[in-house]
Amino acid sequence: MFWKMDNQKNTDIQSEGHTALTVEALRHVLANMEDAEFMECETNHDQTITLIYIRTLIDSERLNESIIGPLNRCTDKTIPDCLETSRVSEIAGMSEGVKHLIEGSVLLCDTLQNKWWAVHLENPLGRAIEPSETETVIYGAKDSFTEQLEDNIALIRRRLPTTALKTEKFTVGYLSKTPVVLMYMEGLTNPEFISIAKEKITSIDFDQFLDSSQIAVFMEDHPHTVFPQFLQTDRPDACAYSLGIGKVVLLVGNSPFALVAPSTFFHLFHSPEDYFLRWVTASFFRCIRFFSYFLSVSLIPLYVALTTFHYQMIPLQILFVLTESRSKLPFTPFWEALLTLITLEIIKEASLRMPTKTGQTLGVIGGIVIGEATVAAGFASKVLIVLVGISAIASFLVPTYQMTKSTSIIQFGLLVLSSFLGVLGIVLGMIGMLAHLNGLTSLRQPYFAPVAPFYGKDWNDLFISSPLTWMKTRPGYLRPLQKWRYSRRR
Amino acid sequence: MATCSLYAKTSGYGGIYVMLMVNRLQILYFILSMPAYLVHPYMIWGIIAIGVLSQCNLMILSRWFASKYAAKGFQGFVQLFGERGVRFLAFAALFPVFVKVTVLTLGYVEIVQMFIFPSMDKIWLLLSVFVTCFYVAQQGIEKTIRFVVIAFLCTIWMIVLFFPFILPPLATYSNLLPLVPTEWSLQSWKGLLIVWAALSGPEYLICLAPWFNSNHNLIKYLTLGNALSILEYLLLFAASLSFFGSDYLRISNFPVVQIIRYLQSPVFERIDIILICIHLFHFVFAAALLLLYFYGAVRIIVGKWHEQTTRRGFVLASMAVLACMMIINQWFWTTGEEQYKWLALQVWLGASTYLLVPGLLLLAMKIKERLQA
């Protein structure tokens with residue numbers, strides 16, 4: 001349905017001006033396309049059928065097995081009856097024909113009767129289902145999404161085998177014609193979220209989308225913040241869990257990452273493994289993750305604040321070490337920290353762009369050689385190098401990679417504030433950050449829930465991961481239609 | 001002109017917000033200096049007595065929240081006092097709001113300069129604190145109400161740090177005696193007045209009634225908030241008194257800040273620097289709320305309450321407050337005597353508004369009901 005709306009809104013560049021579906025018209029549309037094939041096939045009945053397809057998009061083996069072979073053997077049956085596939089549909093207009101072609105169908109034309117059929121024979125190009133590389137777990141399912149939309153839907157459906165799991169398909173991008181599937185649990189997910197998600201998808205107007213993150217940009221309530229308002233995950237179990245508690249999931253064609261919303265700031269710190277480990281262990285490590293995030297954004301600014309303004313806060317023994325370490329440095333603590341952090345960001349970015357083995361070498365060079373050399377050359381103190389190392393490692397404890405990236409920006413902001421106002425500057429920055437988080441929304445729902453607004457009952461899965469037996473209700477901030485997680489009230 | 005919905009209402013807020021707001025509005029500037037004014041051990045009973053009085057006042061206030069006028073917000077006030085009356089009241093409220101936000105901000109900046117940045121120009125500190133308050137306020141009243149949860153969670157834990165001072169060996173229990181007053185002077189009355197002024201703040205919630213969910217059960221949350229504040233005041237006073245003793249308290253400026261200096265930590269010394277900074281969380285909340293009140297009052301006075309709020313209008317109102325604050329800081333907050341006068345003004349204004357506002361509302365409701373009958 002949305003496809004029709006989409007076609008009305010965006011001009012299909014190539015089919016413009018060709019409404020009647022004829023072979024000649026198609027030849028014109030498919031001109032200068034090397035992989036476009038026109039072939040004629042004769043049935044046993046001496047009937048000539050024209051086959052039109054795009055070679056690179058279809059499965060050649062299945063073309064012979066399902067279409068050419070059966071057509072050659074065909075006697076007096078109609079064409080759909082001859083074919084050994086059930087995915088045959090009759091088509092009429094040019095735009096419909098072109099749509100089928102670019103989706104990997106073979107068009108069959110009975111020139112005598114001037115009838116057209118489309119046989120879906122898409123070549124399922126893509127990798128196999130592999131373990132997630134971005135959200136690795138020791139326990140729990142190992143499969144992750146691929147670029148194949150159908151596979152991704154199947155991975156979720158297998159985890160939630162119920163007819164309440166609804167999937168609605170949309171197409172966005174008038175060039176890329178990217179399929180987007182909105183998934184939700186009917187009778188459980190708040191209908192407001194579903195309607196907002198639909199409204200946001202249908203209002204997208206752009207030429208192409210190559211990844212789900214690009215769609216998130218168009219759907220976010222606050223596109224200029226560093227905080228992601230859609231949780232991006234490639235884990236089907238995380239998606240199934242989110243659907244089960246009342247969120248919506250968006251799967252995007254050719255992207256192995258699903259979007260989950262409404263998302264909260266705290267949800268970004270939750271790992272799928274939290275629900276598979278013993279609750280005490282999971283809670284401890286979740287708290288460590290929150291602490292690490294705090295550490296990663298504030299440790300270096302705190303170093304600058306203490307060494308610039310508040311020497312009196314440092315215990316005497318540590319002060320001796322620090323003074324000795326900084327005695328021959330030519331830079332102020334701010335510049336020392338700034339240059340070191342920029343160097344670290346360069347190394348981090350370079351190691352990501354390098355092939356795996358080179359990346360490891362770069363890590364060694366960056367971490368040991370440059371670190372050592374910087375201290376030996378007198379550009380940075382040993383203490384700062386240690387703190388930068390701790391801060392960098394701490395930033396990687398956050399399970400969501402988007403958040404890991406955003407810590408650097410916040411860290412630089414706090415660094416500047418601490419260089420002007422010391423600890424007060426850091427606190428002012430923190431207040432600003434928390435006020436900013438308090439003002440954010442995801443699918444128009446508060447981003448800082450369940451802290452602000454306050455939902456006390458949802459705190460059992462906030463900083464700690466309570467035993468599943470204690471999580472009797474779904475999160476209140478999601479306002480699900482079914483509050484209880486038990487099928488029978490106890 | 002860019003419009004913004006500073007006073008929009010999209011959802012209701014439960015009693016927990018009322019509790020937190022009552023508590024944080026009662027724990028502002030005076031908590032840092034109050035032991036120096038109370039001095040005598042028997043003033044512990046003074047805090048409890050004033051706490052009970054404050055509770056009575058909150059019960060009157062709860063009658064307002066339960067009334068049909070409160071839920072109507074501005075229109076409720078118009079029904080009670082008429083348009084002219086509301087404009088007059090808004091005009092009258094401007095001064096206490098302005099004085100409260102000024103004393104709060106300048107007082108805090110003074111503490112920061114005294115304990116953290118003795119050589120820094122206060123203007124920079126004032127500007128940075130004010131910009132943060134403005135940022136919180138410009139998000140609107142709803143988000144400012146929500147911010148109280150953050151302010152509460154980020155500051156309440158500090159009270160735990162004072163427990164070692166009420167336990168041996170740091171505490172000297174003989175300092176807590178005599179608990180029965182042997183003398184009663186004008187200073188003692190002033191002490192009680194300061195406690196009353198310190199507990200003021202909940203009267204500012206009268207304008208927020210439309211944002212609250214269940215106005216009928218608010219007394220429970222008002223009570224909890226007030227009780228928590230009294231407990232905090234008691235703990236801090238008892239800790240300061242048992243650690244310093246009455247004689248030192250008399251000459252100490254900010255005993256609650258001074259006492260933290262004696263805490264030993266393997267990681268940091270001078271923890272007071274961190275604690276003073278963290279106090280900013282609820283100072284910012286209170287100042288942001290007051291800034292929104294100030295702008296709202298100005299809109300009522302100029303007769304624009306029915307029009308959409310504008311970003312420019314709010315910026316101009318905030319700039320006016322900032323300019324006045326800077327003028328006061330530059331010329332009228334220089335000597336200790338001048339600062340004392342401002343504090344005294346705030347004490348009298350806070351005590352008066354807390355005493356009069358709930359009573360005035362109750363009286364107006366009674367008169368209205370009688371006239372309607």
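Chain naming here is simple, since letters A, B, ... match the order of the sequence lines and numbering starts at 1 in each.
Of the atoms belonging to B/Val148, not a single heavy atom falls under 4.5 Å from chain A. Only the backbone of A/Ile314 comes within contact range of chain B, with at least one heavy atom under 4.5 Å from a heavy atom of that chain. For B/Leu153, the part sitting under 4.5 Å from any heavy atom of chain A is the side chain, from C-beta outward, and nothing else. Residue contact with chain A, scored on non-hydrogen atoms closer than 4.5 Å, involves the backbone and the side chain of B/Phe147 alike. Proximity to chain B is limited to the side chain of A/Phe309, based on heavy atoms less than 4.5 angstrom apart. Interface residue B/Ile16: only side-chain heavy atoms are found under 4.5 Å from chain A. Only the side chain of A/Leu302 has a heavy atom closer than 4.5 Å to any heavy atom of chain B.
Counting heavy-atom pairs closer than 4.5 Å to chain B, the top residue among A/Val427, A/Ile431, A/Leu437 is A/Ile431. Note on B/Ile273, B/Ile116, B/Val136: by heavy-atom pairs under 4.5 Å with chain A, the leading option is B/Ile273.
The two residues B/Met120 and A/Phe420 come nearest to each other via the heavy atoms CE-O, 3.5 Å. Of all heavy-atom pairs between A/Pro315 and B/Pro266, the closest is CG-O, 3.6 Å.
Annotation for A/Lys472: atom NZ does not count as buried by contact number, only 12 or fewer foreign heavy atoms lying within 6.0 Å. Atom CZ of A/Phe294 has 12 or fewer neighbouring heavy atoms from other residues, nucleotides or ligands inside a 6.0 Å radius. Atom CZ of A/Phe285 sits in a sparse spot, with 12 or fewer heavy atoms from other residues, nucleotides or ligands closer than 6.0 Å.
Here the straight-line distance linking atom CG of A/Leu434 with atom SG of B/Cys154 works out to 5.5 Å at 0.5 Å rounding.
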Taking atom types as modelled, which donor-acceptor pairs link chain A and chain B at under 3.5 angstrom?
unit_1: A/Met313; atom_1: O; unit_2: B/Glu269; atom_2: N; d: 2.6
unit_1: A/Ala435; atom_1: O; unit_2: B/Gln139; atom_2: NE2; d: 3.1
unit_1: A/His436; atom_1: ND1; unit_2: B/Tyr135; atom_2: OH; d: 3.2
unit_1: A/Asn438; atom_1: O; unit_2: B/Arg146; atom_2: NH2; d: 2.6
unit_1: A/Asn438; atom_1: OD1; unit_2: B/Arg146; atom_2: NE; d: 3.3
unit_1: A/Asn438; atom_1: ND2; unit_2: B/Lys143; atom_2: O; d: 2.8
unit_1: A/Gly439; atom_1: O; unit_2: B/Lys143; atom_2: NZ; d: 3.4
unit_1: A/Phe454; atom_1: N; unit_2: B/Tyr17; atom_2: OH; d: 2.5

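At least one side-chain heavy atom of B/Leu125 sits under 4.5 Å from a side-chain heavy atom of A/Leu424. In this structure, the side chains of B/Val149 and A/Phe448 stay at 4.5 Å or more apart for every pair of heavy atoms. Side-chain contact between B/Ile271 and A/Met313 is absent, with no heavy atoms from C-beta onward closer than 4.5 Å.
A side chain to side chain contact (heavy atoms under 4.5 Å, CB included) with B/Phe268 is found for exactly one of A/Leu306, A/Ile318, A/Val423, namely A/Leu306.
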